[in-house]
Amino acid sequence: MEDDEIEEQNEEEIQEKGTVSDFEYKDIKDLPGVGSTIASKIRNAGYQDIIALATANPMALVEACGIGEPTARKIVAEAREASKMNFMSGLEFEDKRKTVQRISTGSEALNILLGGGVETQSITECYGEYGSGKSQLAFQLAVNVQLPLEKGGLDGHAVWIDTEGTFRPARVEQIAAVKGLDPKQALQNIKIGRAYSSDHQVLLVDKIPELVNADPKIRLIVIDSMMALFRAEYVGRGTLADRQQKVNVVLHTLQRLADRFNIAVYITNQVMARPDVMFGDPTAAVGGHIIGHVATYRIYLRKGRKGSRVAKLVDSPSLPEGEASFEITSSGILDLDEEKKK
Ligand code: GTP
Ligand code: MG
């Protein structure tokens with residue numbers, strides 16, 4: 001492709017990106033002046049990310065990518081701009097923390113465990129066995145986020161990425177009706193993307209900034225489940241690093257969205273109980289605790305006595321570890337009634 005053609009194509013791509021103007025660049029291809037064609041040439045030349053590109057010699061890019069010198073200089077300048085470290089003072093940081101809001105889970109005990117509910121500007125990972133209630137909690141949050149502030153909501157909307165085909169409109173309607181919302185409107189306020197492969201999941205997550213720009217009321221992102229497709233596709237250890245890298249990209253996109261737009265991110269992760277583990281955590285996640293280091297809050301869910309559910313807060317940066325019991329009922333997530341607490 002000729003240089004001119006590339007420039008032309010770039011202009012189109014830049015225009016298109018205008019819709020996600022406020023979102024920070026995360027990938028070489030997102031930089032102004034760089035489209036996917038140039039991005040892959042840059043990568044092939046050994047510059048894998050924006051930081052690497054920021055320290056590149058423009059002349060090396062001219063050679064390796066067959067682009068003009070002005071273009072190369074512009075790209076490196078943009079990469080430097082984009083990779084500036086954004087320090088903020090402790091005071092600014094504190095101010096930002098003050099804007100954190102919480103979505104009620106439906107159970108007061110669980111809210112208390114989480115410091116008030118599921119937090120914005122954070123990723124909350126809920127892991128547990130099949131049927132432990134991970135999706136049920138997601139349904140509840142997708143409804144509760146729509147409630148007014150005084151009722152534990154954010155007067156907001158939700159985005160839901162469904163990787164297992166387990167989104168149930170009827171369940172949303174049921175819970176919404178209990179909460180006094182118009183069930184159809186509640187469904188209308190949730191944007192659902194069904195992912196059929198891990199690549200598709202990555203694409204859908206990449207689309208979220210656009211959705212948020214179109215609808216600033218979006219305050220909750222659900223990924224149910226985060227790992228199912230990655231697990232299914234990446235079997236065998238040989239590809240684990242590759243998988244991990246993709247998962248990390250998704251998680252960092254989610255974290256940036258959470259920070260930037262004051263959104264709560266709730267992701268689920270199915271783990272299998274390992275009967276061979278007698279002590280410690282019996283659910284050492286198959287494939288390792290892949291997302292543990294990025295998620296700010298990690299909730300381990302398990303079935304408790306008399307059909308109850310027990311949530312355990314694991315590795316929280318600011319809250320004490322502890323447990324809370326609740327119940328999944330036809331009306332949604334509720335505190336245990338007095339009888340069952342005994
Ligand atoms: P996987 O997706 O398989 O990993 O499980 P999960 O953790 O997402 O489980 P999910 O949230 O789907 O929980 C399913 C459980 O919730 C069921 O086994 C029921 O115990 C309970 N449940 C779901 N719907 C209802 C309902 O309408 N009424 C009551 N009482 N319980 C329900
Ligand atoms: Mg589920």
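Please read all numbers here as calculations on a predicted model, not as lab measurements. Residue numbers count from 1 along this sequence. Values below: every heavy atom of this structure, side chains too, minus hydrogens, waters and symmetry copies. Note that ligands are numbered from 1 as they come in the structure, with each ligand's atoms numbered from 1 the same way.
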### Task
May I ask whether R171 places a heavy atom under 4.0 Å from ligand 1?
yes

### Message
Under 4.0 Å between a side-chain nitrogen and a carboxylate oxygen: does that hold for D199 and K246?
### Response
yes

Can you give each donor-acceptor pair under 3.5 Å made by side-chain atoms of residues 110-117, sequence neighbours left out, with the distance rounded to 0.1 Å?
from	atom 1	to	atom 2	distance (Å)
N111	OD1	T105	N	2.8
N111	OD1	T105	OG1	2.8
N111	ND2	S104	OG	3.1

### Task
For the residue pair S225 and Q270, confirm or rule out a side-chain donor-acceptor distance under 3.5 Å.
no

### Query
Listed by chain and number, what are the salt bridge (charged side-chain N to carboxylate O under 4.0 Å, His left out) partners of R168, not counting sequence neighbours?
none

### Task
Look at the rings of F167 and W160 and say which category their plane angle falls in: under 30° parallel, 30 to 60° tilted, over 60° perpendicular.
perpendicular

### Message
Do the side chains of R43 and D27 get close enough for a salt bridge, i.e. N-O under 4.0 angstrom?
### Response
yes

### Task
Indicate whether any N or O donor in one side chain lies under 3.5 Å from an N or O acceptor in the other, for N262 and Q121.
yes

### Query
Counting no waters, what protein N/O/S atoms lie under 2.8 Å from the Mg ion (ligand 2)?
S135 OG

### Query
Looking at ligand 1, does G131 have a heavy atom less than 4.0 Å from it?
yes

## Note on the structure
the protein heavy atom lying closest to atom 12 (O) of ligand 1 turns out to be S135 CB, 3.9 Å

### Task
Just go through Q140, R309, E327 and tell me whose heavy atom is the nearest to atom 20 (O) of ligand 1.
R309

### Within reach of ligand 1, part of T329 (heavy-atom separation under 4.0 Å)
backbone

### Query
Does T166 have a heavy atom less than 4.0 Å from any atom of ligand 1?
no

### Query
Going by the order shown, which atoms of ligand 1 are within less than 4.0 Å of some heavy atom of E129?
7 (O)

### Task
Could you tell me the separation between the CZ atom of F326 and the CG atom of L137, rounded to the nearest 0.5 Å?
6.0 Å

### Task
In plain terms, say whether D95 and K98 are close enough for a salt bridge, that is, a side-chain N and a carboxylate O under 4.0 Å apart.
yes

### Query
What residue and atom, counting heavy atoms only, is the protein's closest point to atom 4 (O) of ligand 1, and at what distance?
K134 NZ, 2.7 Å

### Query
So which protein heavy atom does atom 21 (C) of ligand 1 come closest to, and at what separation?
I328 CG2, 3.8 Å

### Query
According to the salt bridge (Lys or Arg N to Asp or Glu O under 4.0 Å) rule, which pairs have a member within residues 103-124, sequence neighbours left out?
R97-E119, R102-E119

### Message
As a check for students: among Q270, R168, Q136, identify the option with a heavy atom nearest to atom 23 (C) of ligand 1.
### Response
Q136

### Task
Could you please spell out the steps behind the side chain to side chain contact (heavy atoms under 4.5 Å, CB included) verdict for L31 and L53?
CA-CA 11 Å; L31 291 170; L53 189 56; 3.7 Å; yes

### Message
Heavy atoms only: which of G307, S225, S331, G133 lies closest to atom 10 (P) of ligand 1?
### Response
G133

